[in-house]
Number of protein chains: 2
Amino acid sequence: MDSQGRVRNITDLARLAGVSPGTVSRALADSHLIAKKTRDKIQQLAREHDFRPNVMARNLRIKRAGAIGVLIPLGHETGQHISDPFFMTMLGHLADALTERGHDLLLSRVIPKDPDWLNRVVDSGRVDGVILIGQSDQIDVIEKVASRYLPLVAWGANLPGKNHCSVGSDNRKGGQIAAQHLIDRGCRNFAFFGDPVAPEIAERLEGCRAALALAGLGDSLSILPAHLTAETAHPAISKWLDDTQSIPNGIIAASDVIAMSALRALAEHGVKVPGQVHVVGYDDLPFANQTVPTLSTVRQDLAAGAGHLVDLLFRRIAGEETGSVVLKPELVVRQSS
Amino acid sequence: MDSQGRVRNITDLARLAGVSPGTVSRALADSHLIAKKTRDKIQQLAREHDFRPNVMARNLRIKRAGAIGVLIPLGHETGQHISDPFFMTMLGHLADALTERGHDLLLSRVIPKDPDWLNRVVDSGRVDGVILIGQSDQIDVIEKVASRYLPLVAWGANLPGKNHCSVGSDNRKGGQIAAQHLIDRGCRNFAFFGDPVAPEIAERLEGCRAALALAGLGDSLSILPAHLTAETAHPAISKWLDDTQSIPNGIIAASDVIAMSALRALAEHGVKVPGQVHVVGYDDLPFANQTVPTLSTVRQDLAAGAGHLVDLLFRRIAGEETGSVVLKPELVVRQSS
DNA sequence: AATTTTGCAACAATCGATTGCATAACACGG
DNA sequence: CCGTGTTATGCAATCGATTGTTGCAAAATT
């Protein structure tokens, strides 16, 4: 122990108890190799000096980290802030699920400049596994790492020909039911707000296209493929509304965040929702039924998603080669459509 | 290296390079004690085998963790979810600020059952410092730990007689300007929604009381001291509205989340806002200008707050005994008042 | 040519725990 | 009283890095 008499490691405590460090280690782990009397004495001593063994040293020795890395790759949207409501909602659910399993959550916002960002985390030895919230435009990097590192799961699209473990909703289906809903509402001209660089969004767009084609409305879709974040969506949409010749009567937003900005922009342009334009979002974030008008949207069950992510991850940590999970999206009709 | 020829540690790499582990360590750290030629060769080799030194081992040796613990103590509100918008917003800002300083963020939701929860994190050796988002009802525990552990900062109230380092707005002032604003709007009967068990909230309530007393309206305040979370606030407020004889004409909510629930409950009871009742929230979370009607509120600048928290924390890690920071709250008038 | 200086790299201790193996202490039956 | 068997503890290697000290050879100095 140091000059102040603080007990800093098991060796100090061992000296105090008159035993060897190994005995202390075993005693604190409640090992039956140590006599009950000795164990009690040592544990009591530890409590008195409120000593707790160093977790990092322990982890180094037993080769585990006790933490899961949660990464938010912001590849295609460098301006995107971590406090984006979607990420935050997901993160909250993950934190709960991981805490329940006795693991810590190591959070990193990542702006993948070099293709090494994921390796760096995986090989750092600080985490037992990694959860990606979104794939961004980093599919190739993710695939490459996933091929050699089992405990890696991602929220996002389950892409054909790709092997990494993912959990996400059926985006094509989601896009399709959104479009179909607008068709049913009588819309004939459509706009899609969102950047198809992200694979989930590309799939949602495809779903829309399929539904429109089926209804013989194949060429009635315009696309605003801007990088849409909470901050940038509103001006982008505003400008688009200014510039466009004919405002469509059905708008499909790639996320609720974008939809909310659209609602505000439309209101500012004096466009009535749902009178003149019908709007559908995607995600069903908590705020979706707080907007004006409340937002119709395609619901993804994020709590269930987080549960699956964590469950799959721990099975992979245990060595199992799990498959992916695709959740069923569900239309939630509110006032905006 | 193992049977597959993977390079797992500097010793493997040293063997490959025909040098000693120490030399590899220095080479990877770009130390000038190693000849440039040797350094280049080793770094090249490391790249080829994409080897990265184990961070945990490094941290153990140099006695630092490279991570900051961010804890959300949920003492008085066991039902409160980590995905509460306030926490999430704060967390987002913290993640950004910490990432900029090259530190990871170790997130823990804590339900303080035993008084040892904070010690456990602090003494675990996994973090270089701790940021608490909120003090909950754990002031005594926090004070005790803070007295021996310097790198600890908390978002919350700066309490008289308490010594731990805190960053927060002047809650009394905030409560006061909220109440004064309602008085100016002509309100004469008031209600406060929020549980004064949390010190910030107690201070906000005091501020209200002071303003009312000064205006000679000292006994016109009723209090709904329920544990108010996003989920529980709405039913609690609804019930309160059912039971109460006379609905007040000025409502001060202890947070925007509570205010939002109040708005919804009032609407459902057919009460016009701001026609019959004026409502003021607290925080100015991003959603505050998305509610119907948009929410008047007392703004706390959370981005600045997060910046201060991180700044103070790193100064404390460096050994400086910093003071606390009190931010000026600011009234934001929107439609609800 | 002899001596000092300089530059590079190896050696070994260290961070703080865990754990297989060796051993000491003790009890007990024969 | 000794051999055998438990039981409880100590010893020392180990996890994977970092770093002060030391040793050696080549370069610089006289």
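Protein chains get the first letters and strands the later ones, always in sequence-line order, with residue 1 at the start of each.
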Subject >> Short N-O contact, A:Asp123 and A:Arg148, less than 4.0 angstrom >> reply: yes

Original post:
Does A:Asn54 have a side-chain nitrogen or oxygen under 4.0 Å from the phosphate oxygens OP1 or OP2 of C:dG16?
Top reply: no

Original post:
Between atom CD1 in B:Ile34 and atom C1' in D:dG20, what is the gap in whole Å?
Top reply: 14 Å

**OP:** Would you classify A:Leu60 as touching base, sugar-phosphate or nothing, given that sugar-phosphate means primed atoms plus P, OP1 and OP2, and contacts are heavy atoms under 4.0 Å?
**Re:** base

Subject >> Gap between atoms CD1 and C1', on B:Ile10 and D:dT14 respectively (whole Å) >> reply: 14 Å

**OP:** Check whether the side chain of B:Arg61 and the base of D:dG20 form a donor-acceptor pair under 3.5 Å.
**Re:** no

**OP:** Return the nearest nucleotide to the side chain of B:Ala57; candidates are D:dA17, C:dA9, C:dA17.
**Re:** D:dA17

Original post:
Base, sugar-phosphate, or nothing: which does A:Thr38 touch, judged by heavy atoms less than 4.0 Å apart?
Top reply: sugar-phosphate

Subject >> Side chain of B:Ala35 (C-beta onward), nearest among D:dA17, C:dC8, C:dG16 >> reply: C:dC8

**OP:** Among A:Leu309, A:Val153, A:Leu152, find the residue that satisfies the side chain to side chain contact (heavy atoms under 4.5 Å, CB included) test when tested with A:Leu132.
**Re:** A:Leu152

Original post:
Counting side-chain heavy atoms from CB outward, which of D:dG10, C:dT18, C:dA9 is closest to A:Ile62?
Top reply: C:dT18

Original post:
Taking CZ from A:Arg58 and P from D:dT14, how many angstroms apart are they, rounded to a whole number?
Top reply: 20 Å

Original post:
If we only count heavy atoms from C-beta on, is the A:Leu16 to A:His49 side-chain gap below 4.5 Å?
Top reply: yes

Subject >> Heavy atoms of other groups near B:Glu100 CD, more than 12 under 6.0 Å >> reply: no

Subject >> Integer-rounded Å distance: D:dC15 P and A:Arg64 CZ >> reply: 19 Å

Original post:
Is any side-chain N or O of A:Ser20 closer than 4.0 Å to OP1 or OP2 of D:dG10?
Top reply: yes

Subject >> side-chain N/O B:Ser25 vs D:dA17 OP1/OP2, d < 4.0 Å >> reply: no

**OP:** Check whether any side-chain nitrogen or oxygen of B:Lys63 sits under 4.0 Å from OP1 or OP2 of C:dT14, and answer yes or no.
**Re:** no

**OP:** Take atom CG of B:Asn9 and atom C1' of D:dC15, then tell me their distance rounded to the nearest Å.
**Re:** 9 Å

Subject >> Base C:dG20 paired with A:Arg26 side chain (donor-acceptor, <3.5 Å) >> reply: yes

Subject >> Side-chain touch B:Val24/B:Val19, heavy atoms, less than 4.5 angstrom >> reply: yes

Subject >> Whichever of A:Val24 and B:Arg39 has its nearest DNA chain C nucleotide further upstream toward 5' >> reply: B:Arg39

